[in-house]
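Worksheet: one structure, shown below.
Being a predicted model, the structure only gives us computed values, none of them experimental. Just so you know, ligand 1 is whichever comes first in the structure, and atom 1 is the first atom listed for that ligand.
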Amino acid sequence: MPIVNTKEMLQKAYKEKYAVGAFNICNMETIQGISCAAEDLYSPLILQASPGAIQYAGVDYLVNLVQVTADKTPLPIALHLDHGSDFEICKKCIDKGFSSVMIDGSSLDYEENVSMTKKVVDYAHSRNVTVEGELGILAGVEDNVKVSDAEASYTDPAQAEDFVRKTGVDSLAVAIGTSHGAYKFKPGQIPKLRFDILEKIEERLPDFPIVLHGASSVSVESVDTINKHGGDIPNAIGIPEDMLRKAVQMSVCKINIDSDLRLAVTGQIRKYLDENPAKFDPRKYLSYARDAVYDVVFKKITTVLGSAQKA
Ligand code: G3H
Ligand code: 13P
Ligand code: ZN
């Protein structure tokens with residue numbers, strides 16, 4: 001089926017209390033690993049590309065790879081721009097065939113965020129493209145921009161209601177304690193998400209899909225594999241899975257995962273090359289990478305997101 005926007009898939013997820021996984025893509029192997037797992041589980045899927053991934057792979061390559069993937073499956077697949085920083089990149093992606101865009105004005109003044117987001121919504125909606133906005137600032141690393149814990153700020157529920165009303169966005173990314181990257185909590189710190197804030201947002205925005213960024217769980221297994229085979233990733237800590245399951249039972253309908261895929265890919269490539277020092281065929285280690293992506297997505301859908309439409 002053609003690439004679809006996220007409207008219906010997030011509405012259905014809200015009603016049926018599951019979340020659609022939004023997995024970051026950057027090449028053919030990530031697209032194939034993610035989509036094969038979703039297909040095997042009959043799960044709706046959001047494939048998302050950040051500006052950095054678009055710069056790496058080229059927008060036309062990504063759009064066409066996703067188009068080929070969507071064409072051969074009856075499952076709904078959306079192609080989403082992750083963390084679009086301005087109107088121009090959103091417009092470019094919409095014009096090239098993305099079905100959904102995120103305009104991330106979370107670091108701007110509130111009024112500037114409203115006005116830039118509204119401009120994107122007007123352009124996108126007239127082309128049947130859905131829009132995700134963001135309010136509140138997550139800690140962590142995106143495109144090499146690091147936001148410290150001190151600069152991060154939680155979403156204000158009253159402002160969230162006002163923002164959605166003024167901009168007309170279709171979904172909203174909120175800051176409740178998750179963060180980008182592999183270092184979400186300090187060693188010894190008890191992981192905590194602000195479910196009280198999420199609850200207040202839900203009260204003010206009933207039936208409205210909320211998005212959780214920075215939601216990777218950072219599996220100990222992946223990190224150990226990397227470190228055992230020459231890597232150096234000390235003290236990596238993610239979001240506990242039971243917290244994500246709780247968020248899914250509330251208004252969270254889209255969960256963003258990138259770091260878990262990166263860690264799994266890196267671990268398997270490191271392991272293969274370490275154990276096979278004489279081998280140099282990329283098809284070998286990239287197929288291990290693709291299988292690792294498949295396994296992460298399969299597990300995420302079955303144990304956290306609950307989006308499989310068939311057992
Ligand atoms: O939220 C950020 C995503 O993990 C994308 O990261 O900007 O390094 O591609 P990136
Ligand atoms: P992670 O770094 O936790 O995977 O978050 C990814 C993300 O939010 C992409 O937008
Ligand atoms: Zn993000």
Side-chain angles (χ1 to χ4, degrees), residues 6 19-27 30-31 33-34 45-59 61-62 78-86 89-90 93 98 100-107 131-147 149 152 155 171-185 191 193 209-220 222-223 226 233 236-241 243-244 247-248 252-267 292-293 296-297 299-301 304-305:
T6 61
V20 181
F23 298 97
N24 285 72
I25 57 169
C26 62
N27 58 13
T30 46
I31 294 170
I34 297 163
L45 177 63
I46 299 171
L47 293 171
Q48 60 184 12
S50 69
I54 291 170
Q55 200 181 12
Y56 169 74
V59 68
Y61 278 100
L62 292 178
L79 174 57
H80 176 77
L81 168 66
D82 190 28
H83 294 285
S85 47
D86 55 30
I89 189 165
C90 293
C93 288
F98 279 54
S100 179
V101 292
M102 172 190 194
I103 174 70
D104 180 357
S106 60
S107 60
V131 181
E132 173 183 325
E134 178 164 348
L135 259 192
I137 301 175
L138 269 70
V141 186
E142 267 167 54
D143 255 342
N144 300 324
V145 178
K146 191 168 181 351
V147 179
D149 290 351
T155 305
S171 61
L172 183 69
V174 299
I176 58 164
T178 59
S179 64
H180 290 112
Y183 305 95
K184 300 183 191 298
F185 301 100
L193 295 187
I210 297 301
V211 179
L212 214 51
H213 282 244
S216 279
S217 291
V218 184
S219 94
V220 174
S222 287
V223 173
I226 292 174
I233 307 196
I237 302 174
I239 309 294
E241 289 187 347
M243 291 190 184
L244 297 175
V248 170
V252 170
C253 299
K254 172 176 179 274
I255 291 197
N256 286 12
I257 304 291
D258 190 357
S259 297
D260 280 343
L261 302 178
R262 294 179 182 199
L263 290 165
V265 162
T266 302
V293 167
V296 169
V297 174
K299 183 161 176 270
K300 201 68 78 177
I301 290 174
V304 174
L305 304 169

Under 4.0 Å to a heavy atom of Ser216 - the qualifying atoms of ligand 2, by number: 1 (P), 3 (O), 4 (O)
Asn24, portion touching ligand 2 at heavy-atom distance under 4.0 Å: side chain
Side-chain heavy-atom pair Thr30, Asn24 within 4.5 angstrom cut-off: no
Expected output: side-chain Ser100 to main-chain Val131 donor-acceptor under 3.5 Å: no
Mode of Asp82 contact toward ligand 2 - side chain, backbone, both, neither (heavy atoms, under 4.0 Å): side chain
Rounded distance [0.5 Å steps], CZ in Phe23 versus CG in Leu261: 6.5 Å
For Ile257, atoms of ligand 2 separated by under 4.0 Å from a heavy atom: 4 (O)
Any Met102 heavy atom less than 4.0 Å from ligand 2: no
Identity and distance of the protein heavy atom lying nearest atom 2 (O) of ligand 2: Ser259 OG, 2.7 Å
Residue and atom name of the nearest protein heavy atom (relative to atom 8 (O) of ligand 2), distance in Å to one decimal: Gly214 N, 2.8 Å
Close side-chain approach of Leu263 and Thr266, heavy atoms under 4.5 Å: no
Under 3.5 Å: N/O of Gly181 near N/O of ligand 2: yes
Heteroatom of His180 nearest to the Zn ion (ligand 3) (N, O or S, atom name): NE2
Apex the Zn ion (ligand 3); atoms His83 NE2 and His213 ND1; angle rounded to 10 degrees: 90°
Sub-4.5 Å side-chain heavy-atom contact between Lys254 and Val252: no
Nearest-0.5 Å distance that lies between atom CE in Met243 and atom OG in Ser217: 10.0 Å
Approximate separation, where rounding is to 0.5 Å, of Glu241 CD and Ser219 OG: 9.0 Å
Residue His213 vicinity, atoms of ligand 2 by number, heavy atom under 4.0 Å: 8 (O), 10 (O)
Selected option - heavy-atom contact closest to atom 6 (O) of ligand 1, from Met102, Arg262, His83: Arg262
Test item: Thr6 and Ile46 side chains (from C-beta on) under 4.5 Å apart, heavy atoms: yes
Atom indices of ligand 2 within 4.0 angstrom of His83 heavy atoms, with elements: 10 (O)
Sidechain-backbone polar pair: Lys300 side chain, Leu305 backbone, donor-acceptor under 3.5 Å: no
Closest to atom 9 (O) of ligand 1 among Gly52, Cys26, Ser50 (heavy-atom distance): Ser50
Atoms in ligand 1 with a heavy atom of Asp258 nearer than 4.0 Å: 3 (C), 4 (O), 5 (C), 6 (O)
Per-atom contacts, ligand 1 versus His180 - under 4.0 Å to a heavy atom: 1 (O), 2 (C)
Under 4.0 Å to a heavy atom of Lys184 - the qualifying atoms of ligand 2, by number: 1 (P), 2 (O), 3 (O)
Test item: Val265 and Val293 side chains (from C-beta on) under 4.5 Å apart, heavy atoms: yes
Modelled atom types, side-chain donor and acceptor of Glu132 and His213, under 3.5 Å: yes
Structural part of Ala215 in contact with ligand 2, heavy atom criterion under 4.0 angstrom: backbone
